[in-house]
2 protein chains.
Amino acid sequence: MTLGQKIKELREQAGMFQRELASQLEIGDGFLSKVENNQKTLKREHLIKISELFNCSISELEALWIGTKLYEIIKDEQEGLNALKVAEQEIIYRKKYDIL
Amino acid sequence: MTLGQKIKELREQAGMFQRELASQLEIGDGFLSKVENNQKTLKREHLIKISELFNCSISELEALWIGTKLYEIIKDEQEGLNALKVAEQEIIYRKKYDIL
DNA sequence: TTTAGACTTGACTGATTTAGGTCAAATGTA
DNA sequence: TACATTTGACCTAAATCAGTCAAGTCTAAA
């Protein structure tokens with residue numbers, strides 16, 4: 001699940017058109033279309049608005065927001081999955097020894 | 001293991017000084033120092049040179065190169081680990097259904 | 001079958017960020 | 001003291017961000 005898919009899902013479940021959601025977010029509907037298709041990214045502040053509008057978890061949206069960015073970086077990479085593991089191990093290692 | 005650590009390790013195992021490796025890579029030694037401490041990133045082409053110089057796997061270097069970049073993005077993120085999972089699931093999903 | 005409305009797409013833009021460095025001074029160390 | 005390394009300040013070109021707008025496409029319904 002990407003952020004774009006999630007936003008589209010939330011919007012449709014609320015029976016809302018792109019135009020309406022776009023205006024709530026104060027962006028154009030063409031831009032929102034691209035966001036839903038992961039061709040453009042929203043500002044982080046927009047996630048707050050979305051979580052309020054659809055009453056959903058901001059943490060989940062943030063995970064999708066960052067995760068979709070990461071995916072865009074590695075999607076055409078041979079070593080994409082291994083790169084994810086490198087990053088994961090590093091996070092785990094730092095946590096273990098409490099290095100900030 | 002980050003790319004910086006790896007490079008330092010390879011360099012020291014070869015008994016080489018930063019100045020020497022830096023000159024092989026045609027960069028300044030101050031810059032290499034930052035690379036080894038993950039404050040700056042090398043160009044991708046540099047990885048090839050390094051793999052030749054130390055006779056090590058280019059794939060591993062690339063995984064570390066991308067992975068260290070990903071780590072820099074998520075290291076201060078609450079949802080960092082979840083974001084990695086989002087990206088991983090997306091890769092796996094696309095592979096499963098053969099979506100390019 | 002026309003047409004209205006929902007959505008997608010392509011071309012473009014200006015501001016901001018990042019990439020990929022340099023150099024000199026400060027610091028660590030044998 | 002000499003040499004290796006780290007750090008901070010700075011730099012420029014290129015890329016990315018966060019959009020707009022108009023034209024094109026898709027799909028129901030009249």
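Lettering of chains follows the sequences in order, A, B, ..., and the numbering in each one begins at 1. All values derive from a computational prediction rather than experimental measurement.
- In this structure, B:Arg19 atom CZ and D:dT6 atom P are separated by 14 Å, rounded to whole Å.
- By the 4.0 Å N-to-carboxylate-O rule, B:Arg94 lies close enough to B:Glu90 to be salt-bridged with it.
- Put simply, NZ on A:Lys40 is 11 Å from P on D:dT20, counting in whole angstrom units.
- In the interface, the side chain of B:Lys34 is paired with the base of D:dG8 through a donor and an acceptor atom under 3.5 Å apart.
- Every pair passing side chain to side chain donor-acceptor pair (under 3.5 Å) that includes a residue from residues 18-32 of chain B is listed here, sequence neighbours excluded: B:Gln18-B:Glu36.
- Here the closest non-hydrogen pair linking B:Met1 and B:Leu64 is O-CD2, 3.1 Å.
- For the pair A:Asn38 CG and D:dC17 C1', the computed distance is 16 Å after rounding to whole Å.
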Report task. Walk me through it: do A:Leu81 and B:Lys95 pass the test side-chain contact (heavy atoms from CB on, under 4.5 Å)? Result -> CA-CA 11 Å; A:Leu81 279 174; B:Lys95 186 170 285 177; 4.1 Å; yes
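- Remark: A:Glu79 does not engage B:Arg44 in a salt bridge, criterion side-chain N to carboxylate O under 4.0 Å.
- As rounded to whole Å, 14 Å separates atom C1' of D:dG19 from atom CD of A:Glu26.
- Heavy-atom contacts of chain A under 4.0 Å fall on DNA chain C between two terminal nucleotides, which in 5' to 3' order are C:dA6 to C:dA11.
- In this structure, B:Gln18 atom CD and D:dC3 atom C1' are separated by 12 Å, rounded to whole Å.
- Residue A:Gly28 is in sugar-phosphate contact alone, with no base atom involved, counting any heavy-atom pair closer than 4.0 Å across all strands shown.
- Going from atom CZ of A:Arg44 over to atom C1' of D:dA18 covers 16 Å, rounded to whole Å.
- Taking the side chain as every heavy atom from C-beta outward, B:Phe54 and B:Leu21 approach each other to under 4.5 Å.
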